[in-house]
Amino acid sequence: MQNAEDEDQQRASAVELQASHALLQATMDASTDMIQVFVAIRDAAGRIVDFRWVLNNHTSASKYGEVRGESLLQRNPGVVQEGIFDAFCRVTETGVPEQAEHHYTHEQFDGWFYQTVVKLGDGVATTTRDISEWKATQAEILRLREEVVQVKLADTESQLAAIFATAPVGLSVITPDGRFLRVNDELCRILGRPAEELLRSSVADVTHPDDIPPSLVAIEQAVATGRPSTLDKRYFAPDGAQVWASSTISLLPPVGGQGNRFLVVTADLTERHKAEAALRRSEASQRVLIAELQHRTSNLMGVVRSIADHTARGTDDLADFLVQFDDRMAALSRVQGLLSRLNDQDRVPFEDLIQAELTAMGGDVERVTLNGPAGVRLRSSTVHTLAMAIHELATNAIKYGALGQPDGRLSILWCLDPVGGDGKPWLHIDWRESGVAMPPREAERQRSGQGRELIERALPYQLNARTTYALGPDGVHCTIAIPVSASTVEGPI
């Protein structure tokens with residue numbers, strides 16, 4: 001019997017984990033980055049010798065194909081040469097996240113990638129962005145800088161004019177005090193200003209005040225060393241919007257007795273900064289989702305263990321156990337269905353929980369009165385246990401009480417106390433049956449055993465609830481008061 005119980009529990013756990021995985025997979029598939037989850041493979045001495053794919057989002061699958069369950073080293077041996085495998089091992093062992101750029105030219109890949117690696121269980125979760133195009137642009141910028149610096153302005157004015165006209169980066173010639181002597185169309189686009197306005201202005205006029213001192217230092221360094229000086233800085237557009245750019249300042253050769261002049265190559269970094277900010281938000285969101293998945297899975301396993309234990313203690317043979325256990329797991333599955341349809345910030349409303357249970361139980365809804373405010377949001381940590389209590393009440397009502405007898409009636413009322421006894425919102429539930437022909441006292445144990453234990457002991461212990469349970473002359477009267485989500489009182493009820 002124990003083996004059968006273990007197998008049933010394992011199958012049930014697998015179903016619930018599959019639902020959780022499906023939720024995580026859908027979230028991951030919404031990202032345009034490659035998101036992958038690996039689990040470590042260790043030898044007899046506990047050393048990591050490989051990693052196995054566990055999850056793979058849509059973007060990653062479009063490049064790798066279906067790789068879940070496959071070996072990382074067999075599929076992509078190049079990760080050893082590029083140091084990626086060592087990074088995975090370090091993060092798994094230390095728990096310290098790592099980020100790095102990789103020029104990966106192995107297997108089917110040939111490009112630059114920016115990868116973030118975070119620990120997840122005995123393995124890692126990775127977010128990988130293809131930055132090949134950005135790297136190519138940077139290489140082109142460096143090439144242009146080198147070409148421009150080597151040009152002798154006096155002998156190649158026509159070539160410089162052509163570069164100014166066609167360069168994909170902003171170009172300008174400035175004086176030591178920052179006045180613009182010459183600008184190209186791309187710089188005008190970056191700064192959002194016409195050439196005529198810029199030629200009447202200085203660099204300081206279009207630079208963020210905090211970045212003016214570093215700009216002056218860069219000019220001084222270019223004069224002192226004779227080498228280009230580069231800095232990332234903020235300009236601002238006429239509407240006040242910040243424009244991020246990388247500016248390289250090079251001292252130009254003197255021509256015709258003129259004083260020092262500088263060539264400034266300006267690359268627009270605004271979109272890159274937006275992308276990096278979006279990447280950071282995405283990584284933070286992924287960490288929250290992974291943590292929520294781990295938390296929900298842990299809670300779910302605890303609930304399943306509790307259900308199995310209570311069911312085993314309240315049944316006399318395997319057949320009875322299987323019937324009751326299957327019934328309770330079906331109730332738990334309905335709760336998971338509600339949770340799986342939520343976003344990470346949403347909560348299950350109490351009325352949805354009640355409606356789902358009554359509909360599934362198939363009771364005569366015409367004999368049920370529901371009355372209470374809509375939108376009372378339940379804490380995620382309370383949903384499973386409260387749902388099992390409602391399930392036990394509904395099961396007893398159908399078998400022995402108001403929903404199983406022709407004259408029976410069931411009233412479920414609830415109300416919200418926004419500032420409960422502890423200053424936090426509490427939900428008060430009143431379950432009252434009437435018109436029930438109560439069984440003899442010797443049958444009361446069957447009528448109120450496990451459900452009553454769950455309500456009177458488990459709810460107060462696990463949820464800090466306040467409960468009552470009474471077998472009245474014409475039916476069960478049960479009250480439950482539990483803390484609910486603080487977001488309930490922030491919006492309309």
Side-chain angles (χ1 to χ4, degrees), residues 112 131-208 210-237 242-255 258-276:
W112 282 89
I131 59 172
S132 301
E133 183 176 352
W134 180 80
K135 278 289 186 179
T137 300
Q138 291 294 98
E140 178 66 10
I141 291 171
L142 292 175
R143 187 189 68 78
L144 286 171
R145 288 172 182 167
E146 183 65 21
E147 179 179 333
V148 171
V149 169
Q150 297 301 322
V151 171
K152 293 183 178 179
L153 189 59
D155 300 330
T156 58
E157 180 64 27
S158 60
Q159 296 180 27
L160 184 57
I163 292 173
F164 261 75
T166 61
V169 293
L171 296 176
S172 61
V173 176
I174 64 172
T175 63
D177 60 0
R179 289 182 296 106
F180 288 105
L181 298 176
R182 189 171 186 177
V183 296
N184 74 341
D185 291 343
E186 179 61 11
L187 182 65
C188 294
R189 185 200 67 78
I190 292 172
L191 300 182
R193 302 172 187 271
E196 295 77 9
E197 179 182 343
L198 289 177
L199 294 175
R200 296 192 302 267
S201 308
S202 69
V203 173
D205 295 330
V206 294
T207 297
H208 190 283
D210 293 343
D211 292 340
I212 292 176
S215 299
L216 297 177
V217 170
I219 292 176
E220 294 172 357
Q221 290 177 345
V223 173
T225 65
R227 295 192 299 270
S229 179
T230 301
L231 78 159
D232 287 356
K233 58 181 293 186
R234 291 163 293 177
Y235 295 97
F236 60 87
Q242 289 187 9
V243 178
W244 277 96
S246 174
S247 292
T248 298
I249 303 170
S250 304
L251 182 63
L252 291 173
V255 177
Q258 296 181 358
N260 286 339
R261 296 179 303 161
F262 302 88
L263 176 66
V264 181
V265 181
T266 303
D268 190 355
L269 301 181
T270 302
E271 291 304 316
R272 171 187 165 185
H273 273 262
K274 291 180 180 178
E276 290 175 346

Exercise for review: First locate atom OG of S247, then atom CD1 of I219, and finally report the distance between them rounded to the nearest 0.5 Å.
Suggested key: 10.0 Å
**Study point:** Least distance between heavy atoms, F180 atom then I174 atom
**Key:** CD2-CG2, 3.8 Å
Check your understanding: At what distance, to the nearest 0.5 angstrom, does CG of L216 lie from CG of D177?
Key -> 10.0 Å
Review point. How long is the gap from CZ on R261 to OG on S172, to the nearest 0.5 Å?
Key: 12.0 Å
Study note, to complete from the structure: Heavy-atom closest pair (V183 atom, L187 atom, distance to 0.1 Å) is CG1-CD2, 3.8 Å
Point to revise | R234 to D211 - nearest heavy-atom pair and separation | key: N-OD2, 2.7 Å
Check your understanding: Taking all atoms of both residues into account, what is the closest heavy-atom pair of I190 and G170, and its distance?
Key -> CD1-N, 4.0 Å
Check your understanding: About how many Å separate OG of S246 and CG of L231, when rounded to the nearest 0.5 Å?
Key -> 7.5 Å
Exercise for review: Indicate yes or no: at least one non-hydrogen side-chain atom of E140 is less than 4.5 angstrom from one of V169.
Suggested key: no
Practice item. List the atom of S132, the atom of W112, and the distance in Å for their closest heavy-atom pair. Key: OG-N, 2.9 Å
Exercise for review: With rounding to the nearest 0.5 Å, note down the distance linking CG in D210 to NZ in K233.
Suggested key: 12.0 Å
Distance-only check: which donor-acceptor pairs under 3.5 Å involve side-chain atoms of residues 192-199, not counting sequence neighbours?
{"unit_1": "R193", "atom_1": "NH1", "unit_2": "E197", "atom_2": "OE2", "d": "2.7"}
{"unit_1": "R193", "atom_1": "NH2", "unit_2": "F236", "atom_2": "O", "d": "3.1"}

Practice item. Please lay out, stage by stage, how V265 and L171 fare under the test side chain to side chain contact (heavy atoms under 4.5 Å, CB included). Key: CA-CA 5 Å; V265 181; L171 296 176; 3.7 Å; yes
Check your understanding: What are the two closest heavy atoms between Q221 and S229, and how far apart are they?
Key -> OE1-OG, 3.1 Å
Practice item. Starting at CG of L269, measure out to CH2 of W134 and round the result to the nearest 0.5 Å. Key: 8.0 Å
Point to revise | salt_bridge(R200, D205) N-O dist < 4.0 Å | key: no
